[in-house]
J.: 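What follows is a single structure, and I will ask about it in a moment.
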Amino acid sequence: MGKRASTHGDVYSFGVLLLEIVSGRRPTDVLVNEGSSLHEFMKSHYPDSLEGIIEQALSRWKPQGKPEKCEKLWREVILEMIELGLVCTQYNPSTRPDMLDVAHEMGRLKEYLFACPSLLHFSSQETQGEASS
Amino acid sequence: MDYCSLLVVSFLITVMTVLASKENDHELIKSDQISLLSFKSSIVSDPQNSLSSWISSSSSSSSMLVDVCNWSGVKCNKESTQVIELDISGRDLGGEISPSIANLTGLTVLDLSRNFFVGKIPPEIGSLHETLKQLSLSENLLHGNIPQELGLLNRLVYLDLGSNRLNGSIPVQLFCNGSSSSLQYIDLSNNSLTGEIPLNYHCHLKELRFLLLWSNKLTGTVPSSLSNSTNLKWMDLESNMLSGELPSQVISKMPQLQFLYLSYNHFVSHNNNTNLEPFFASLANSSDLQELELAGNSLGGEITSSVRHLSVNLVQIHLDQNRIHGSIPPEISNLLNLTLLNLSSNLLSGPIPRELCKLSKLERVYLSNNHLTGEIPMELGDIPRLGLLDVSRNNLSGSIPDSFGNLSQLRRLLLYGNHLSGTVPQSLGKCINLEILDLSHNNLTGTIPVEVVSNLRNLKLYLNLSSNHLSGPIPLELSKMDMVLSVDLSSNELSGKIPPQLGSCIALEHLNLSRNGFSSTLPSSLGQLPYLKELDVSFNRLTGAIPPSFQQSSTLKHLNFSFNLLSGNVSDKGSFSKLTIESFLGDSLLCGSIKGMQACKKKHKYPSVLLPVLLSLIATPVLCVFGYPLVQRSRFGKNLTVYAKEEVEDEEKQNQNDPKYPRISYQQLIAATGGFNASSLIGSGRFGHVYKGVLRNNTKVAVKVLDPKTALEFSGSFKRECQILKRTRHRNLIRIITTCSKPGFNALVLPLMPNGSLERHLYPGEYSSKNLDLIQLVNICSDVAEGIAYLHHYSPVKVVHCDLKPSNILLDDEMTALVTDFGISRLVQGVEETVSTDDSVSFGSTDGLLCGSVGYIAPGTQFSQHH
């Protein structure tokens with residue numbers, strides 16, 4: 001009795017948030033337009049036909065004033081966000097990760113992004129100013 | 001009857017039997033109705049009106065009688081001829097349980113739990129022995145003995161009498177009713193039952209899966225015939241007075257055990273309390289064991305290598321408060337799923353095994369109050385989820401590992417009472433989730449690192465660096481800790497001025513700066529700290545007068561100015577009225593009316609008396625805004641909610657008694673929002689409208705006015721829940737500044753976030769707002785995950801958000817994400833839970849409040865409510 005609201009449900013919502021950010025689609029739009037959930041929509045493109053989605057996301061969210069060389073890393077991060085989003089929105093609540101794992105994973109992605117300018121710091125002098133700005 | 005006789009002649013005998021039984025059934029349901037009404041008549045209080053459908057029908061026609069089956073909480077068999085279930089749990093019903101309940105001869109389920117039933121359990125219930133399978137009377141106010149007649153219920157599967165006021169011994173018949181008992185679930189916990197667990201050798205509870213007898217006064221040993229209960233999954237005998245050797249014989253027969261709680265009894269280990277090995281060996285077959293609690297038994301012996309017997313599925317192990325000696329075996333690292341390890345308050349020696357770092361799921365590690373030696377292994381910094389590390393009160397030496405900076409989830413770090421040397425590592429500043437940092441009573445040297453205090457601005461509970469050899473000034477950055485409750489820097493070699501900026505630590509209740517080398521004057525701002533209760537600046541070299549703000553404080557209770565070079569006139573007014581000379585010893589230049597103090601020779605008049613008065617006038621509105629209650633600090637997370645509740649009441653009383661610190665009133669909110677003007681409306685949601693507003697001191701706030709339709713259902717729980725939510729604090733969760741509640745009006749006052757919601761930034765076309773980039777989005781998602789992880793895993797009360805979506809993610813001026821609306825789901829959930837027992841009857845009224853928003857809600861959730 002009672003415990004209907006579960007932590008698994010929050011993990012699901014977080015997964016939807018990630019997929020929404022990457023796809024640029026509101027989860028409600030997908031319901032209306034194609035009759036499937038955002039999870040199903042993204043999953044149908046995974047893993048082979050994600051290129052378009054990733055390109056769109058990159059054009060929308062591309063960091064300004066950063067070297068183009070970082071693009072490879074950005075694509076990887078977007079792909080990882082999709083993967084994490086799909087794992088979080090699995091139908092079976094018990095196979096979803098818990099929020100600590102998710103937070104850990106996001107923290108890793110965050111650090112990964114930090115790595116970009118400092119990696120280039122050694123390879124090219126002109127990016128030095130940008131790295132510190 | 002003539003008609004009937006005719007039929008008997010005309011038709012087969014089988015038809016006759018059917019009709020005869022129909023007549024009989026009619027009598028049954030009629031009798032059940034009478035019994036239920038009689039039961040209702042002994043109920044004296046029904047505040048929810050939940051039995052209002054129980055109305056006697058004067059007609060005796062069978063169609064009317066079937067109405068009984070539609071009464072709230074009543075369930076009949078398929079033919080509607082007999083009541084088979086009565087579930088009126090959680091309806092706040094008061095009164096005695098009428099014995100007429102036993103006249104419901106078809107009853108299989110009787111659930112009266114979570115009400116206010118008083119008196120004794122009617123022994124007549126025993127007459128339901130042919131049918132009753134479930135008897136739940138838990139969480140009532142029942143007293144007296146458990147009637148032995150309950151032992152007659154030989155079909156009973158589920159028996160729950162927990163959390164009442166039952167006393168006396170457990171009747172032998174209860175566990176011993178016939179040759180093969182059907183009982184699967186027994187809960188007699190949280191009563192005052194005495195005597196032994198009455199399970200004689202010839203009684204076999206073969207079907208038993210759950211045995212909960214915790215928190216009683218049971219004595220004797222664990223009965224050996226319990227070894228026949230080979231299906232047992234949960235055994236909780238915690239907090240009794242049971243004695244004898246740990247029941248290894250019994251346990252070894254229970255391969256399905258999941259939870260085994262034997263803490264707080266008088267058990268001993270084998271071989272005269274010297275050998276734990278046999279007990280651990282008896283758990284070798286229990287491969288499902290998840291939690292093992294043996295705390296507080298004075299158990300002797302060593303753990304050494306016995307842990308190899310334990311299941312790899314073990315999640316929690318509590319061996320604290322025993323007399324276990326020897327070292328912590330490195331083999332403990334085989335328990336790969338362990339999240340909690342508690343070995344505190346034993347006689348353990350030797351080093352902390354570095355292999356602990358292999359336990360990657362560890363969240364809480366308690367090793368305090370032992371004789372552990374050596375250095376703290378730097379490998380502990382590799383445990384990604386570590387939230388609490390307590391190695392206090394040991395003999396550890398060496399320095400604090402730099403690697404602790406990797407512990408991004410660390411909430412509580414307790415290293416006090418060791419022989420740690422070296423400096424406070426700067427890297428601790430990376431543990432941005434810390435709420436308690438206690439490094440006191442060590443040999444730490446160097447200055448207080450700026451990096452640590454400036455990054456730990458979210459430190460919520462306390463910072464204790466006392467009794468070390470720290471030197472240099474107090475870093476000004478300490479003033480950024482605006483959530484910290486207690487700061488203790490006493491007994492160090494700190495020097496310089498006490499920075500007036502400490503007045504920005506507005507949550508501070510306890511400040512101890514004693515026994516250092518602070519000089520110059522005492523800053524007036526400390527006296528204006530709105531919650532400061534305790535201030536100790538004794539044994540320093542402070543000079544000048546005591547600023548009047550200290551005397552004017554209404555919160556200060558304990559003050560110590562002793563052994564400084566303070567001078568001037570002190571009166572016994574205000575907060576000083578309860579002080580004695582004890583607080584001013586050794587300050588020979590002070591004079592005044594405090595008892596025992598030398599009188600002043602000539603009267604001083606303060607020309608500057610106006611200034612403090614003005615200051616306090618300005619301070620008052622600020623106090624109202626930030627006047628949220630604070631968690632009483634506690635080293636024991638387990639007690640946190642209990643403390644919190646007590647404090648709530650305290651706080652309310654204080655607020656009533658103290659007109660100087662009013663809550664934000666309805667009128668003030670009207671003024672702030674221009675009378676809830678449409679132009680102030682910044683959002684609307686399921687729970688009501690959100691208005692922006694400016695308080696009189698220019699603080700920008702968001703006022704969330706809860707929909708009155710919803711608010712009606714919050715009733716009395718609103719305030720209490722809000723108080724708990726206000727304690728749920730994290731850098732990625734919106735803090736509730738205060739609440740305003742009056743009949744028909746409930747509002748939450750929140751800080752206004754200048755950058756609005758993530759929704760606005762994700763769809764800039766619709767809202768014309770500045771575009772975010774990938775780096776910011778990843779940071780935002782990381783913030784959100786941290787905030788939710790805190791709610792799920794570390795907050796004082798576990799909170800499920802229920803409605804996470806971009807419009808509930810707000811951004812501050814540094815684009816840090818703060819999750820909002822996390823509490824309201826909890827408030828609503830409380831309402832739902834009382835409704836949900838009402839078998840789908842009342843769901844309609846709260847449908848709009850169910851968890852989640854379309855699109856973000858997990859599949860299956862929407863519909864599961866109705867089953």
Side-chain angles (χ1 to χ4, degrees), chain A residues 1-18 20-22 24 26-31 37-39 57-58 60-66 70 74 77-78 81 84 89-93 96 98-114 116, chain B residues 89-90 361 363 384-385 387 408-409 758-759 762-763 771-794 798 800-806 809 822 825-826 828-829 832-834 836-837 850-861 864-865:
Chain A
M1 276 175 263
K3 301 210 169 157
R4 272 166 277 113
S6 86
T7 54
H8 301 302
D10 283 350
V11 173
Y12 183 91
S13 306
F14 184 82
V16 173
L17 175 72
L18 288 176
E20 177 176 6
I21 287 174
V22 174
R26 290 175 188 272
T28 43
D29 289 348
V30 183
L31 277 178
S37 72
L38 189 51
H39 168 82
L58 196 55
R60 221 176 313 124
W61 309 125
K62 191 165 164 179
Q64 297 298 307
K66 299 274 179 191
C70 289
W74 292 335
V77 168
I78 294 171
M81 285 170 80
L84 183 59
T89 50
Q90 289 176 91
Y91 190 83
N92 183 352
R96 293 174 204 153
D98 69 26
M99 216 57 212
L100 275 177
D101 287 325
V102 175
H104 188 65
E105 198 63 18
M106 283 313 305
R108 205 177 53 75
L109 287 183
K110 195 165 106 177
E111 278 184 24
Y112 196 42
L113 280 176
F114 280 141
C116 179
Chain B
S89 56
K361 293 188 178 172
E363 293 175 6
R385 295 162 153 237
S408 61
Q409 294 298 332
L758 178 61
E759 169 97 8
L762 283 184
Y763 305 99
N771 223 335
L772 294 171
D773 70 28
L774 184 66
I775 296 170
Q776 285 171 313
L777 283 167
V778 168
N779 287 344
I780 287 167
C781 291
S782 171
D783 288 343
V784 171
E786 292 286 342
I788 302 290
Y790 177 83
L791 288 178
H792 288 183
H793 295 269
Y794 299 109
K798 182 175 174 178
V800 177
H801 187 293
C802 262
D803 197 13
L804 184 63
K805 56 181 176 181
I809 297 164
F822 55 87
S825 54
R826 189 186 152 81
V828 174
Q829 211 189 329
E832 276 177 50
E833 272 179 4
T834 53
S836 64
T837 50
L850 290 175
C851 208
S853 297
V854 176
Y856 298 91
I857 189 169
T861 322
S864 65
Q865 336 275 4

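Below, chain A is the first sequence line, B the second, and so on; all start at residue 1.
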J.: Shortest non-hydrogen contact from A/A103 to B/A785?
T.: CA-CB, 3.6 Å
J.: Name the option with the most non-hydrogen atom pairs under 4.5 Å to chain A; the candidates are B/I775, B/L774, B/D783.
T.: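 Result: the option with the highest number of such pairs is B/L774.
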J.: Counting only heavy atoms from other residues, nucleotides and ligands, does the tally under 6.0 Å from NE2 of A/H39 exceed 12?
T.: yes
J.: Between B/L804 and A/S13, what is the shortest heavy-atom contact and its length?
T.: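 Heavy atoms of B/L804 and A/S13 come nearest at O-CB, 3.6 Å.
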J.: Of all of A/K62, A/H8, A/E20, which one pairs up most often with chain B through heavy atoms under 4.5 Å apart?
T.: A/E20
J.: Give, for atom NZ of B/K361 and atom CG of A/D101, the distance between the pair rounded to the nearest 0.5 Å.
T.: 8.0 Å
J.: Could you measure the distance from the OG1 atom of A/T7 to the NE2 atom of B/H793? Nearest 0.5 Å is fine.
T.: 6.5 Å
J.: Residues in salt bridge (Lys or Arg N to Asp or Glu O under 4.0 Å) with B/D773, at least two apart?
T.: none
J.: Pick one of side chain, backbone, both or neither for B/Q409, based on which atoms fall under 4.5 Å of a heavy atom in chain A.
T.: side chain
J.: Under a plain distance cut-off of 3.5 Å, with no hydrogens placed, do A/D98 and B/H792 share a side-chain donor-acceptor pair?
T.: no
J.: Can you list everything that forms a salt bridge (Lys or Arg N to Asp or Glu O under 4.0 Å) with A/R60? Sequence neighbours excluded, please.
T.: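 A/R60 satisfies salt bridge (Lys or Arg N to Asp or Glu O under 4.0 Å) with no residue once adjacent residues are dropped.
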J.: Might you work through the side-chain contact (heavy atoms from CB on, under 4.5 Å) test for A/R26 and B/E759, ending with a clear yes or no?
T.: CA-CA 10 Å; A/R26 290 175 188 272; B/E759 169 97 8; 2.5 Å; yes
J.: Look up atom CD1 in B/I780 and atom CE in A/M106, then write down how far apart they are to the nearest 0.5 Å.
T.: 10.0 Å
J.: What distance separates A/L109 CG from B/N779 CG, expressed to the nearest 0.5 Å?
T.: 10.5 Å
J.: So, taking the atom named OG in B/S782 and the one named CD in A/E105, what distance separates them when rounded to the nearest 0.5 Å?
T.: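 Spacing of OG (B/S782) from CD (A/E105) equals 11.0 Å.
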J.: Hey, are the side chains of A/L18 and B/C781 touching, using non-hydrogen atoms and a 4.5 Å cut-off?
T.: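 Sidechains of B/C781 and A/L18: in contact.
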J.: I want to check something: taking the side chain as every heavy atom from C-beta on, are A/L17 and B/I809 in contact at a cut-off of under 4.5 Å?
T.: yes
